[in-house]
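Everything below concerns the one structure shown next.
Nothing here was measured: the structure is a model prediction, and the numbers come from that model.
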Amino acid sequence: MSQESLMARALLLAERGVFTTAPNPRVGCVIVKNEVIIAEGWHHRAGEAHAEVNALLQLNQREANGADCYITLEPCSHDGRTPPCCDAIIKAGIKRVIIAMKDPNPMVAGRGIEKLKQVGIVVVLGVLEEQAEKLNQGFCQRMRMGRPYIRSKLAMSVDGKTAMASGESQWITSQDARQDVQKLRAQSSVILTGIGTVLTDDPSLSVRPGDWYPQGELVRQPLRVVIDSNLRIPLNAKILNSEAETLVVSIKPSDKKGVNVMVIQADRGHVDLKKLMNRLAEREINDVMVEAGSKLNGALVQAGLVDELVIYMAPKLLGDSAQGLFHLPALQKMSQNIALNITDIRAVGSDWRITASPIYG
């Protein structure tokens, strides 16, 4: 088997932790000896054994000695919630370690690779690096830029409308599309919305798992974050009255009992969105999913904070008076447009899902 095929297997194992590992990265490991896979492992959740250790636990010293180890992310070299994985690899007698990508965590950042090399272990770096990066884009961005990866989910008609003029928006898309959204929610650390959506739709924004969720795994509900500059949220809002934690972000302290409020300084009378994202990163938030109206989505795009758009397009027409996707200043010239890089288009039930990244600057 080629290095690429073995690393692809390790990446598939890493994906098994897509709903559960936060705030840690998703990591997979395959151990090979005499061209035969002898052990596999992946990281299940923060605080538990890492992928390499889970794989090595399946082997005795004789079996592991002289084997090759394929890992999707550089093994850690420091004590954290668990002991260093490098030490376990060295103790097992692994002779060669093939790594997809360096760990962007400043506490690791090449130190794990150097530690392995110092004891004579051969290290190969960069096998399927792009795929490994994509699997952990939120973790990587938080480590490198100090803010989470922000994905905005939108539902629209073919004529680009998200709701009727009255605000009515349920349901533009099909049941298949709404189930697909549940998967995106489950992969996220935060579901972000605005007070306008709370007042209009009164959503709970919780994960409702289907047969796609790992069997027997407890559902990890993302933190719900409501941007509410002037603290208009009603105490009976569904988002405040469910099992998941909710954080209300405002520009002033709250006198509302039982409401968890984070105060962020104002930017032109509203919550400073860039500072909010920095604060979320400090709370080890990797991935933010935005489910909001045109005002908040427009503000996030204007601030250059949206990394990815996931747009579900329904085969419907809502007419001229219906509401659009983004509230943005009127553009006077075609050269002022915000271009998108479309990375994926696929059918989801009767709808189409378009994945795209804004091109800023």
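Of the charged side-chain nitrogens involved, at least one lies within less than 4.0 Å of a carboxylate oxygen, so that Lys115 and Asp87 count as a salt-bridged pair. The pair Lys153-Glu291 counts as a salt bridge, with a side-chain nitrogen and a carboxylate oxygen less than 4.0 angstrom apart. Salt bridge present: Arg283 and Glu245 bring a charged side-chain N and a carboxylate O closer than 4.0 Å.
Donor-acceptor pairing under 3.5 Å is recorded for the side chains of Ser2 and Ser5. Side-chain atoms of Ser174 and Asp176 include no donor-acceptor pair closer than 3.5 Å. Inspection of the Asn297 and Ser152 side chains reveals an N or O donor paired with an N or O acceptor under 3.5 Å. Under 3.5 Å, the side chains of His43 and Asn24 contain a donor-acceptor pair of N or O atoms.
Apart from Trp42 itself, the hydrophobic cluster it occupies contains Met1, Leu6, Met7, Leu11, Leu13, Val30, Val32, Ile37, Tyr70, Ile98, Val124, Val127, Leu128, Leu135, where clustering links Ile, Leu, Val, Met, Phe, Trp and Tyr at side-chain heavy-atom distances under 4.5 Å. Residues Leu57 make up the rest of the hydrophobic cluster containing Val53, defined by ILVMFWY side-chain heavy atoms closer than 4.5 Å, directly or through other members.
For Arg346 and Trp352, the positive end is not near the middle of the six-membered ring at less than 6.0 Å and at most 45° from its axis.
Under the side-chain contact (heavy atoms from CB on, under 4.5 Å) rule, Leu296 has a single partner from Ile227, Thr197, Thr193, which is Ile227.
In terms of the side chain to side chain donor-acceptor pair (under 3.5 Å) criterion, residue partners of Glu217 (sequence neighbours excluded) are, by chain and number, Arg45.
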### Message
Quick one, Val288 with Ser189, criterion side-chain contact (heavy atoms from CB on, under 4.5 Å). Give me CA distance, side-chain angles, the key distance, then yes/no.
### Response
CA-CA 6 Å; Val288 171; Ser189 306; over 6 Å; no
### Task
Report the C-alpha distance between Asp351 and Thr173 in whole Å, list the side-chain angles of each, state the deciding distance to 0.1 Å, and finish with yes or no for side chain to side chain donor-acceptor pair (under 3.5 Å).
CA-CA 7 Å; Asp351 305 312; Thr173 54; 4.6 Å; no
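Side chain of Thr72 to backbone of Gly28: a donor-acceptor contact under 3.5 angstrom is found. No side-chain donor-acceptor contact under 3.5 Å links Arg147 to the backbone of Arg279.
Heavy atoms of other residues, nucleotides or ligands lying less than 6.0 angstrom from NE2 of His44 number more than 12.
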